[in-house]
Amino acid sequence: MSEDVQSLAKRRGFIWQSAEIYGSMAGFYDYGAMGARLKRNWENVWLKYFMGLNDNYHLIDSTNILPEAALKASGHVDSFTDPLVECTKCGHAFRADQLIEEATSTAAEELSLEEIDAKVSEIGLACPKCKGPFGKAMFFNMMFPIEVGTKGTDRAYLRPETAQGAYLNFKRHFEIMRRKLPLGLAIIGKAYRNEIAPRQGVYRMREFIQAELQIFMDPETFSDELDLSEMDGKEILVQLVDMRGKKDVQSMPCRYLIEQYKLPDFYVYHMLKVQEFYLDIIKIPKNKFRFYEKSEKERAFYNRVHFDIEVDLSTLGGFRELAGLHYRGDYDLTKHQIGSKEKMEVSLDGRKLIPHVLELSFGVDRNVWALLDIHLVDERTGVLKLPPQLAPYTFAVFPLMKKDELIPLAKEIHNLLKDDYDVCYDQSGSIGKRYARMDEIGTPFCITVDFDGLTDDTVTLRDTDTTEQKRVKVDELERIARGLASGKLKFKDLN
RNA sequence: GCGGCUGUGAUCUAGUUGGUAAGAUUCAAGCUUCCCAAGCUUGCUGCUCGGGUUCAAAUCCCGGCAGCCGCACCA
């Protein structure tokens, strides 16, 4: 089934493997004309919603290439690098540190390659699969190394996450934005991880897009900045660690999560905001959405609270992570303060602190894929129902038939709308064919010029999702289009 | 990365005792058509890549690449 959606995504111009005429590389994907529109729209909707949470949240941009020192400080150079040993007989590779830890029950994470080789021969480690002897240990780094400069002496990496760009820029932005907390820095951009075996389409890629908002805040006062009353009576769809195996998802009052489960109120507030984003704007059905709590073992040690945002995707066989909400404490800025020797401490009302970070992290490609998965309502006909703000084209304009009389007005309407909206014009094939084409790429509204319209200046406006049609005046079209495109005007409310 | 299976126009599929590729859909052009893939005519596009065996390879053999499944990996 995933393959069906994959071929649809390809045929309709959304997404497919990069460099396909050369046989492709695993884990790299390109967006086509429809996919690029859809992705850009998702990003715009995301930006509008999350930047709207606070006047002091801003979109910035930062480089894809980072110096080694920065990634050393962040912990990536060490934690993204795994020591591997390979069996000389059967070729299987294993995590050397894990094998040693199992065998000796002592920590082996910090061992050098030489120390690992020594340990392996000392305790006589052999391949768990075939008992064959191991070769020399080697490092496998999930980060792509980059040579900068003619001699390549400046060591650098492609960034494994966009978050670091925000941390590195925190200090300057704190000054620029006049020393206020919370300060939010968002980055939408590429990140790179040299996955060993990328699979499952766009779910795990080596080059991917993240949309991340890092909120720098004072945990003592952050809640005062939020309208916590918004949580009154609201429930969150969660699966907590202690609910595993018993209940799939439970709808739980915000208050309950704060009082019973001792989650910070600002954290739950943002859970609610993220949930609203998915349910109300992206239109994910309630039964396909959940916050999935990561256990202490599953989450990175610096995350004090960590829920994944998961959506049930039929193409990927169940609930899959599309985003994460991480309370990272002051880990990141503290690390960079140590690494760079720049003070990250800020002074507020005489109190000094290193700001804490609440991270909202979204995988854009996964989210775009989820749109195709969730909103594909009919697999046979391939009908896609996308919200107007997300659809590659918001409107399509057709002459009812390819007749010289109808074409000028149709083109006129196309010109009228195309500067402000993504509009498709099509006059080839039958009218039904053209409606069907728009169904396939999720265009919500079609405007058709017919012979009646030539005399009374009206056109047919069609809601693709319901196939309902209404006649509207041409001179009202701009106003109606504005309402429909923004979502403020519903088709059913048109008279 | 290891093992198993797979790879035919834009998409889906037929085609293996080896003999120069078939169909459906799509797309384009024309005719027709007054509102969800209608019809008719014409047309475009292909055997994953490289090597080998053979008079002859989509078909057999070897290797690469890619996809799926399992294992491992996914701070």
Side-chain angles (χ1 to χ4, degrees), chain A residues 1-13 16-28 32 71 74-82 84-87 89-95 97-99 109 127-130 138 140-143 160-161 163 193-201 203-206 208 297-303 306 317 321 326 331 363 378 380-383 398-403 405-406 426 428-440 446-454 459-471:
Chain A
M1 164 143 51
S2 160
E3 287 155 70
D4 295 345
V5 179
Q6 234 157 53
S7 67
L8 286 176
K10 199 191 285 189
R11 187 156 45 82
R12 295 174 188 170
W16 51 82
Q17 284 202 287
S18 120
E20 57 178 356
I21 63 170
Y22 286 103
S24 304
M25 274 189 295
F28 295 92
L71 292 161
S74 69
H76 285 92
V77 171
D78 296 322
S79 69
F80 259 64
T81 305
D82 298 324
L84 295 182
V85 283
E86 208 175 84
C87 172
K89 202 169 138 202
C90 71
H92 263 84
F94 298 88
R95 284 275 299 272
D97 53 337
Q98 288 180 354
L99 288 182
E109 223 174 300
C127 174
K129 285 249 171 192
C130 71
M138 60 196 170
F140 177 78
N141 195 327
M142 290 272 290
M143 291 194 294
E161 60 177 24
R193 293 181 193 178
N194 197 2
E195 298 279 357
I196 296 172
R199 230 185 261 176
Q200 296 197 287
Y203 188 72
R204 253 173 99 188
M205 300 195 287
R206 288 179 165 136
F208 56 102
K297 208 177 160 196
E298 290 168 313
R299 65 179 191 243
F301 67 91
Y302 48 77
N303 279 332
H306 179 169
E321 173 194 357
H326 314 128
Y331 173 82
D378 185 335
R380 192 183 54 80
T381 57
V383 173
F398 311 137
L400 181 61
M401 287 180 291
K402 196 167 164 185
K403 292 276 191 213
E405 305 93 291
L406 297 174
D426 191 1
S428 86
S430 71
I431 187 70
K433 186 88 210 165
R434 283 174 267 155
Y435 287 145
R437 282 185 193 129
M438 291 303 115
D439 276 342
E440 287 196 333
C446 296
I447 297 161
T448 303
V449 173
D450 58 21
F451 290 104
D452 295 344
L454 296 180
V459 291
T460 305
L461 179 64
R462 175 194 188 83
D463 179 3
T464 316
D465 290 355
T466 62
T467 75
E468 207 184 324
Q469 306 195 149
K470 286 175 181 174
R471 291 204 76 82

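Here is the naming used below: chain letters follow the sequence lines, and residue numbers restart at 1 for every chain.
Between A:Lys433 and B:C35 there is no side-chain polar atom (N or O) within less than 4.0 angstrom of OP1 or OP2. Using a 4.0 Å cut-off, no side-chain N or O of A:Gln17 falls inside it from OP1 or OP2 of B:A66. The phosphate of B:A38 has OP1 or OP2 within less than 4.0 Å of a side-chain N or O from A:Ser430. For A:Lys402 and B:G30, the shortest distance from a side-chain N or O to OP1 or OP2 is below 4.0 Å. Taking 4.0 angstrom as the limit, A:Arg12 places none of its side-chain polar atoms (N or O) nearer than this to OP1 or OP2 of B:A10.
For A:Arg199, taking side-chain heavy atoms from C-beta onward, the closest of the listed nucleotides B:C35, B:G70, B:A37 is B:G70. Nearest nucleotide to the A:Met142 side chain, out of B:C74, B:C34, B:A28: B:C74. Distance from the side chain of A:Gln200 is smallest for B:C69 among the nucleotides B:G1, B:C69, B:C74.
Residues meeting the salt bridge (charged side-chain N to carboxylate O under 4.0 Å, His left out) test with A:Asp452, sequence neighbours left out: none.
With a 3.5 Å ceiling on both atom-pair distances, the Watson-Crick or G-U wobble partner of B:A24 is B:U11.
Within 4.0 Å (heavy atoms only), A:Glu161 reaches at least one base atom of the nucleic acid. Nucleic acid contact for A:Ala26: sugar-phosphate only, since backbone atoms but no base atoms lie under 4.0 Å from a heavy atom of the residue. Counting non-hydrogen atoms under 4.0 angstrom, A:Arg11 reaches the backbone sugars and phosphates but no base. Residue A:Ser24 is in sugar-phosphate contact alone, with no base atom involved, counting any heavy-atom pair closer than 4.0 Å across all strands shown. A:Ile431 comes within 4.0 angstrom of the backbone, heavy atoms only, and of no base.
Taking atom CD1 of residue A:Ile196 and atom C1' of nucleotide B:A75, one finds them 13 Å apart after rounding to whole Å.
Minimum heavy-atom separation, A:Val459 to A:Val449: CG1-CG2, 3.9 Å.
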